[in-house]
Each structure stands twice: as C-alpha cells, then as structure tokens.
2 protein chains.
Amino acid sequence: MSGPSAPKTKRGAARREALLRAAEAVIGEQGFAASSIADITRRAETALGTFYIYFSSKEEVFRELVLEMGRLTRGGVTQAVQGASNRLEAEKAGLRAFLQFAADRPALYRIVEEARFIDPEVYRAYYDSFGKAYAAQLKRAQEKGEIGPGDPEVRAWALMGMAIKLGERFVLWEEKPDIDHVVEDAFAMIRDGLAP
Amino acid sequence: MSGPSAPKTKRGAARREALLRAAEAVIGEQGFAASSIADITRRAETALGTFYIYFSSKEEVFRELVLEMGRLTRGGVTQAVQGASNRLEAEKAGLRAFLQFAADRPALYRIVEEARFIDPEVYRAYYDSFGKAYAAQLKRAQEKGEIGPGDPEVRAWALMGMAIKLGERFVLWEEKPDIDHVVEDAFAMIRDGLAP
DNA sequence: CTGAAACATGAATCAGTATTCATGATCCAT
DNA sequence: ATGGATCATGAATACTGATTCATGTTTCAG
C-alpha cells in the first residue's frame, strides 16, 4: 500500500534523482506510453529493478514530475513577477518567465500537458490551483484599478491557454525561439486587445 | 501496406460508421491507452475481429477521428463566421461556435488534444493549417483597418490557445456550461485588452 | 435467382513490457 | 571496525491486449 520510502543514504538520493531526470528526458521525448521502464533505467545507467526501489510504478514517476513542474513554474513565475510595479507589468514578466521555462525544460513542459490523459487528477489539481491563484491576482488588480473590469476566472484561463499554446508553437516547435518577440506581441494584445 | 479499403456495401458503411462512433465515445471517455479494441467493438456491438475489416490499427481509427474533427471545426467555425460584418464580430462568432462544438462533441474535443501525444504528425498538421488560415484572416483584417497592428501568427496562436483552454475549463469541466457568459467576457478581453 | 465478393465472428496467437524476487554489494551509525 | 539496514542487479514471471485467421454468413450485380 505505502510505496517506496524516501532514500536514506546519499547514494540512494542520487540514484532517485538520476532516475527522475532520466524519466523526464525519456518521457518528454517519447511520450508516456512509448517509454518503457527499461528505457528510463538505461538512460539513468542503473539496473531495471532499481527503478522499483524508488518508485512504485511508471505512473508514480510521472506524477512526481508533474508535481515538480508545478513547484518550478509557480516559483519561477512568482519570482519573475516580484519586481513588477503593476499588474500589466506582471503579466508581461510572468509570460516571459513561463516561455523561458518552456525553453529550459521542454520535456517537463510536455509532460504536464500529457498529464491530462495519464493522470487527470494531478493535472486538474495543477491547473485548478494555478488558475485560482491567478484569478485572485487579477481580481485584486481590478479592484486597484490597474486593469479594467471583467470576470477574473475567465481571464485567468484565457491567459493560461494563451501562454500554453504560444509556448508550444513558438518555443517547442521552433529551432531557435525568439521569446522576446512573442512576449512583445502577445503582451500588446493582452494589454490593448485587437480593436483598432 | 495499403490498409482496409472503403466499404462496398451499405452494411459495411454502417458498420464502419458504428465503429467510428464507438471509438469516439470510448477513447474520448477513457483516453487512447486505456481504450482496448475490445471496448470499442463491444460498444459498437460487433465482434472483435470486425474492427480489422475497417481499420488497420488502433492508431488508424484515432487518426481518422482527428481528421473528422478537423473537417467539423473548420466547417462549423467558417459557417459561424459567415454572417459577421467585420473581424471583431467574426472573432466572437468563431469563439462561440468553437465552444459550442466542445459542448456538442466533448469526446472529439479531447481526442484532438490527445493527438499531440499519440500522433504528433496529424496533430501538427491540424493546427498548422488551422493556424495558417487564421493568421491570414487576421492579416487581411489588419490591412483593412478592422483591427490594430500586430504579428498575425502570434495572435492566431494566442487566440487558439485561449479558446482551447476556455473550452476545457468552462465547457468540459462544467456540468452546465454557460457558453454565452464565457464568450462575452473573453471577447471583451480580446477586443479591449486588460488595460483600464 | 445465384454465386463470387464482402462482410462477420471470436478463439487462438503473439509480442511487449511492467513488476517481482532471490542474491549479493555497499553504506554508515555505533 | 563491523553488522544490520539500504541499496543494486537482471533474469524470470505474469499479464494485458493488439492482431490474425479459419470458418461461416450476407449482400447484390448480372
């Protein structure tokens, strides 16, 4: 019932980490279904059975990776947004941080989207909490008059969707992504809309 | 090499169609990996082997469903946009049509997103062509002065991402989706941006 | 009507791979 | 320094489910 416990030696911790990184690379490249445990352990340069010392199943590493991505994006975006003096600036900084993250950890980026089909629970938890926090920020900014009025939840999800697809198209699909250009143009639209 | 050919009798056409609908329902509900051919044929009330008379593999029905979704959204959105007298109106009508589609065919909607992981080729073809057409429309509207200036491709992908996540959150995740509300608020943002 | 082409059936085959486990090496608290 | 706890190994197991196929049944063009 209770899967493997946390590693108790340095070696154990290092092995677990190596397996996690290998899983990130392999699953991010080939997708969950096409990735075998053997692929992962081969990449981590360990024996097959070692995998099960640290994870109880393929689904579990996957889940762990999604949670890690949650911590990382949350942290990265939060930090990027620190310096902003108003919500619009924060939107711009947050978008840039997110796209930069996609460029730095493309595998993790893909994994989160695949989570929707592998582990709907964590996927939903991930976006629910992110969306909730995002909406709260927008509501506050609206009350302060930093942005115009409008349903914060709809806006939060619209903005998340925007960032996600932009990352997919202009970062993951591009050899040499031009993040600044995407941020500039997308932000202009976020701020002023399409109206002439 | 060349898989099953088109059905040559009425019965054959009906069976193929039944299998396609069953696959849509089953895969849309459980996801590709969790759906067995047996699940699909059971739902279609046919024998297991019958599946292979019409499709050469599980991947093939899946691909067929993605292509069908392509035809349907393209058709639906195009038609909805017909009546619009300018680009902004068209955006609103297109968004509504897309969300309505998600409400009508939730399974197909999910399948397209999963395609990214099952059959990247068709997924990419789907969005590439959709995105290209979308960007072309935006470019024309911009030249006519119906919308302000800005990179049409970035905008097209931003708008697609928006629509997709809004559909996921406010249509698929909601018991009784309030499409009009989402369209109103999202459109206001698309038109005027967040600026106060 | 009729028979060759199409279609239907589901048990049997087959492949891939997740997971287990018995055995041995390594670590580190005392 | 040492031995009980941790960790490493990979061959063997077990299972799932995709795909095939030999045997009937149905269709429909002529």
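Chain letters run A, B, ... following the sequence lines, proteins first, then strands; residues in each count from 1.
Residue A:S36 is in sugar-phosphate contact alone, with no base atom involved, counting any heavy-atom pair closer than 4.0 Å across all strands shown. Using a 4.0 Å heavy-atom distance criterion, A:T41 is classed as making no nucleic acid contact.
Using a 4.0 Å cut-off between charged side-chain N and carboxylate O, A:E168 and A:R110 make no salt bridge.
Residue B:Y54 has a polar side-chain atom (N or O) positioned under 4.0 Å from OP1 or OP2 of C:dA8. Of the side-chain N and O atoms in B:Y52, one or more sit less than 4.0 angstrom from OP1 or OP2 of D:dT19. OP1 or OP2 of D:dA8 has at least one side-chain nitrogen or oxygen of A:R15 nearer than 4.0 Å.
Of the two residues contacting DNA chain D, namely B:T9 and B:L48, the nearest-nucleotide position lying further toward the 5' end is that of B:L48. Of the two residues near DNA chain D, B:S57 and B:K10, the one whose nearest nucleotide lies more 5' is B:S57. Mapping B:A13 and A:G49 onto DNA chain C by nearest heavy atom places B:A13 closer to the 5' end of the strand.
The separation between B:F55 atom CZ and D:dA18 atom C1' is 16 Å, rounded to whole Å. Taking atom CD1 of B:I53 as the reference point, atom P of D:dC21 lies 14 Å away to the nearest angstrom. Taking atom CD of B:Q30 as the reference point, atom P of D:dT16 lies 15 Å away to the nearest angstrom. Remark: P of C:dT9 and CD1 of B:I37 are 16 Å apart, rounded to the nearest angstrom. In this structure, CZ of A:F51 is placed 16 Å from P of D:dC7, rounded to the nearest angstrom. Between the CG atom of A:D39 and the C1' atom of C:dT19 there is a distance of 16 Å, given to the nearest Å. Distance CZ (A:R16) to C1' (C:dC27): 19 Å, rounded to an integer number of Å. When rounded to the nearest whole Å, the span between CD of B:E60 and P of D:dT19 equals 10 Å.
Looking only at atom types and distance, the side chain of A:T73 has a donor-acceptor partner in the side chain of A:Y126 under 3.5 Å away.
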Return a table of donor-acceptor pairs under 3.5 angstrom between the side chains of residues 130-139 of chain B and protein atoms on other chains or two or more places apart.
from   : atom 1 : to     : atom 2 : distance (Å)
B:Y134 : OH     : B:E91  : OE1    : 2.4
B:Y134 : OH     : B:E91  : OE2    : 3.3
B:K139 : NZ     : B:E143 : OE2    : 3.4

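When distances are taken from the side chain of A:R11 to each of D:dA18, D:dT26, D:dA8, the shortest belongs to D:dA8.
In this structure the side chain of B:M189 never reaches within 4.5 angstrom of the side chain of B:D185, judged on heavy atoms.
When hydrophobic clusters are built by joining Ile, Leu, Val, Met, Phe, Trp and Tyr residues whose side-chain heavy atoms come closer than 4.5 Å, directly or via intermediates, B:V77 is not grouped with B:M69.
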